[in-house]
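Encoded as structure tokens, the structure appears first; notes follow it.
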Amino acid sequence: MHDLRLLRERPDALRDALRRRGVLDTMASTVDRAEALERDRRACIRAEEEKRAAANALTQEVRRRKQEHVDATDLIEQGRVLSAELAQLESQRAAAESAFTALGLEFPNITLPDVPAGGETANVVVRSWGTPRPEGGIRPHWEVAGPEGLGILDLARGAKVAGSGFVAFRGLGARLVRSLMTFMIDLHTREHGYEEVWIPFVVNRASMTGTAQFPKFADDQYGIEGDDLFLVPTAEVPVTNLYRDEILDAAALPRGFVTYSPCFRREAGAHGKDTRGLLRLHQFDKVELVRYSTPDESPAQLELMTGHAEAVLQRLGLPYRVVLLAAGDTGFASAKTYDLEVWAPGVGKWLEVSSCSTCTDFQARRANIRFRPGGASKPTFVHTLNGSATAFPRLIATLLEHYQEPGGAVRVPDVLRPALGVDRLG
RNA sequence: GGACGGGUGGCCGAGUGGUUGAAGGCACCGGUCUCGAAAACCGGCAUACCGGUGAACCCGGUAUCGUGAGUUCGAAUCUCACCCCGUCCGCCA
């Protein structure tokens, strides 16, 4: 959600932002309707407040007469009429208001000026690190990890107990997951200054709306039967909502939180696309970074946080590239996003293992997260940022492929050896 | 899940139908006093929205006492539903 005054004061700027995302055509009528509703809403407010002022004055007069023991039945009758008219206006305004608010939630964030316009093809590789390993002779991770190979990944039994898109890690595979969690959280707390948090893995509707999964992406979420609760699609939701409806201490900004969580996604509409092995799951694990910042500092904070995510890949020795997403490929809540992609020589593709975004004040408005700049002045919205650092399954896939040896064994990077207890798999 | 108690401004805490946006206290800000500080005293101290020439300042209006709905000319105060907190019971990792 933006400052909805934008709609009133600079509708062209809003239209331009939608054009850069390539959604202006589909949203044009939404903009028009929102503008009309906003006019209605304000007209209603004026009329209603005028009438209410009259009703309040009348009430005072009734009270005065009663104190003086003068008959007030005529005024009470007038009040009754006013009150009925008021109820009429109120419901009219409430209708316009809720329609307007609902529409407001449909608008994506406005991308920053340095984000290229256009769709996926306009994405820009801004830098890369390490040397991608050539594809020749490297088997895809699902072959080396499966029951015929290392036996650390059990796709069939994961599917049996839950369904396709759910996996079981076994033995050193399970231990690898646990090692990654420890490695990443330790890195971010000890070297990057993040506060570690452990959070609920289910959230309520308000939290989902705060970070903008709702209402637009409700179909992608798992809901819990009988309760108005939802499995977290990313730890960004509970962590960003930790400070919903609060005013933060300006002196404590910027600040960062790191957490582990499983992530649950229905992936509605993504069936059949890159679904082999660990490429796309309904449940996966991830270490997530969330930062709160003042508006001034947030662009630099995005660079900083992206660097923190990159550090994970560098420590693991995995070649990667940093991609600045074009406006049309940038997530709904994000104003600017860098994807981190690691080369997977077995699959022969760059795999996205991290997505680092600044949501500017978009989520902060929805979730009402503010800070008081310079002591006494009015509270303003913080900027929220989030980034995976990193997601496990695709990272495991690239580890299994990048460090694969001719016989199918896999070398373990140094940083994981202490926690894993071995220096090679197989 | 059951029973009872409770949710009032940054905090504590009065207030059971009518100048109550809300007593009092604390905290905070400004001032007087003081060499300075403390104490004391004086004053200030919510937010959002609508409008007054779409700035700042100021002025008028409206809303807000957990949330929503209802009763009433009028609701912090009465009714209902829901949410949250506490205590006890049950159940349970």
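Order of the sequence lines sets the chain letters (A, B, ...), proteins ahead of strands, with each chain counted from 1.
- Look at A:Arg42 and you won't find any side-chain N or O under 4.0 angstrom from OP1 or OP2 of B:C49.
- The pair A:Asp220-A:Arg266 does not meet the salt-bridge criterion, since no charged nitrogen lies less than 4.0 angstrom from a carboxylate oxygen.
- A cation-pi arrangement is not found for A:Arg157 relative to A:Phe166, the charged atom failing to lie both closer than 6.0 Å to the ring centre and inside a 45° cone about the ring normal.
- Look at A:Arg291 and A:Glu195 and you find no salt bridge, because none of the NZ, NE, NH1 or NH2 atoms lies under 4.0 Å from a carboxylate O.
- A:Thr384 and A:Gln363 share a side-chain donor-acceptor pair at under 3.5 Å.
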(message) Could you spell out the base pairing of RNA chain B as a dot-bracket line? Use Watson-Crick and G-U wobble contacts where both distances are under 3.5 Å, [ ] for crossing pairs, | for partners on a different strand.
(response) ((((((((.[[[..)..(.....]]].(((((.......))))).(((((((.....))))))).[[[[[..)....]]]]])))))))....
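- Between B:U72 and A:Ser83, no contact under 4.0 Å exists linking OP1 or OP2 to a side-chain N or O.
- Among A:Arg52, A:Lys51, A:Arg46, the single residue meeting the salt bridge (charged side-chain N to carboxylate O under 4.0 Å, His left out) criterion with A:Glu48 is A:Arg52.
- Of the N and O atoms on the side chains of A:Lys286 and A:Thr234, at least one donor lies less than 3.5 Å from an acceptor on the other residue.
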Between the protein and nucleotides 58-65 of chain B, which nitrogen or oxygen pairs are less than 3.5 angstrom apart?
| residue | atom | partner | partner atom | Å |
| --- | --- | --- | --- | --- |
| B:G61 | N2 | A:Glu49 | OE1 | 3.1 |
| B:G61 | N2 | A:Glu49 | OE2 | 3.3 |
| B:U62 | OP1 | A:Asn56 | ND2 | 3.1 |

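- Between A:Ser334 and A:Thr337, the side chains place a donor N or O and an acceptor N or O closer than 3.5 Å (distance only, hydrogens not considered).
- Two residues, A:Leu75 and A:Arg46, neighbour RNA chain B, and the one matched to the more 5' nucleotide by heavy-atom proximity is A:Arg46.
- Looking at heavy-atom distances under 4.0 Å, A:Arg64 makes no contact with the nucleic acid at all.
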